[in-house]
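Notes for the one structure printed next.
Heavy atoms only: backbone and side chains are in, while hydrogens, waters and symmetry mates are out. In what follows, every chain begins at residue 1, and chains take the letters A, B, ... in the order their sequences are listed.
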Number of protein chains: 2
Amino acid sequence: MPTTPQTTIHHDHDTCVSGALTRAEALCASRGTKLTPIRRQVLELVWSGHRPRGAYAILDDMKVDGKRVAPLTVYRALDFLVENGLVHRLESLNAYIGCPSPDHAHPGQFLVCRDCGDAIELNDQRVSAAIADSARARGFQIDRPTVEVRGLCPVCQNRPHPSHSPADTERPEARQPVTRQKAES
Amino acid sequence: MPTTPQTTIHHDHDTCVSGALTRAEALCASRGTKLTPIRRQVLELVWSGHRPRGAYAILDDMKVDGKRVAPLTVYRALDFLVENGLVHRLESLNAYIGCPSPDHAHPGQFLVCRDCGDAIELNDQRVSAAIADSARARGFQIDRPTVEVRGLCPVCQNRPHPSHSPADTERPEARQPVTRQKAES
DNA sequence: CGCGGTGTTGTTATATGATTACATATCCCC
DNA sequence: GGGGATATGTAATCATATAACAACACCGCG
Ligand SMILES: [Zn+2]
Ligand SMILES: [Zn+2]
Ligand SMILES: [Zn+2]
Ligand SMILES: [Zn+2]
């Protein structure tokens, strides 16, 4: 049994995380930015669940030398990671998620499941183009478009109902259908 | 000099607010929902600046009988207003803004200026359609699409730079170019 | 080497945003 | 008038994010 078992679709998540870290190292090296130990650890913790994660959830796991770090430490690292495109911020969840393709600049477009909490990253050119057109028509200069679609992912559509679901045993991290959920525990 | 002078584009804002309140009254009456004094006051305060406003900013103005109300009072009213489409919540700002056309259901699409803080509401069918297609292609069932575009509005593009701007005297509510701004004071 | 600038981290406190749990009041229908 | 649904009051607490300031580390340069 692997050490980090919490993802929706089965895959070799340990490899998945180490890959993300390796790519991040390479990217920072090529750009002359510094992926310090703290930043690296935060990035690893963002990836750990392969789903959106809140800053304080990361903070809880951030023991450095057995000592709990300050919130600012985590936020500063997250700012760096977001600025460098290694992590996206999900505005509607106040949460962060690792970007699988940080090498090319892109805004985040996400399908966020209200049940399992997973966030699927899209990169739909039609959506981007439609937004760009609409903004241009009004003379608005875009910094960063945000597209976050809340709903129900295909997997969760096929489960009877989250709160009564017998699948809780095999997917213990399932979210309750609350109004405004947290990204994680 | 009017009592509520803080908007970007000059217009008769007092009429603008009273119009929104009248429409809200009519809409609630037709639906059988109740626009209570508290809800009405919160709606008025949401509209007061004609721009996104945080819950606690509203709270600060919410003296009822000279007494400060509890946060929950404001949040409950905001929940009602959002559910009834009278107000939109801006996820990227944790703020609320009045909807100019609450009569027909629609998700909010916004162009949010990073300088003046104004939010222009769009309703672009191409954007909606592109998002719907993209979600359908992945079997994702949409609850609520969120589109919030951060950038610079036409007015602010023509001012030299927010922090050095001489226009501060005529637009005292201008925002600083900070990383993650508040909706209001 | 030693200096000074830039960038990173530490520490403490606080602002802002949102919810839980429970009690009380009010309205409307019967 | 009883009784259920809706609305508000009160207190405490949780969650998210930033401010202000100090210390340290790295790096290029004289
Ligand atoms: Zn993974
Ligand atoms: Zn991405
Ligand atoms: Zn107005
Ligand atoms: Zn609207």
Of the options [options], whose atoms approach the side-chain atoms of [X] most closely?
X	options	answer
B/I38	C/dG17, D/dT8, C/dT9	D/dT8
B/R39	C/dT9, D/dA7, C/dT12	D/dA7
B/N94	C/dG17, D/dA17, C/dG10	C/dG17

Spacing between [X] atom [atom1] and [N] atom [atom2], to the nearest angstrom:
X	N	atom1	atom2	value
B/L78	D/dA7	CG	C1'	15 Å
B/E91	C/dG17	CD	P	13 Å
B/L93	D/dA17	CG	P	13 Å
B/E83	D/dT6	CD	P	12 Å
B/L90	C/dG17	CG	C1'	15 Å
B/L59	C/dA15	CG	P	14 Å
B/M62	D/dT8	CE	C1'	11 Å
A/Y75	C/dA15	OH	P	17 Å

Salt bridge [X]-[Y], side-chain N to carboxylate O under 4.0 Å:
X	Y	answer
B/R23	B/E25	no
B/R53	B/D61	yes
B/R144	B/E91	yes
A/R136	A/D133	yes

Paired with B/V42, the side chain to side chain contact (heavy atoms under 4.5 Å, CB included) test is passed by just one of B/V69, B/T73, B/L81, namely B/L81
Of all residues at least two apart in sequence or in a different chain, which pass the ring pair (Phe, Tyr, Trp, His ring centres under 6.0 Å) check with A/F110? A/H88
Below 4.0 Å: OP1/OP2 of C/dG17 and any side-chain N or O of B/R53: no
Phosphate contact (C/dA18 OP1 or OP2) by B/Y96 side-chain N/O below 4.0 Å: yes
5′-ward residue of the pair B/P37/B/P71 relative to DNA chain D: B/P37
side-chain hydrogen bond (donor to acceptor under 3.5 Å, both in side chains) involving B/T15 - partner list, sequence neighbours excluded: B/D12
N/O contacts under 3.5 Å, protein versus nucleotides 20-28 of chain D?
none

Is the ring of A/Y56 stacked on the base of D/dT16, with centres less than 5.5 Å apart and planes under 30° off? yes
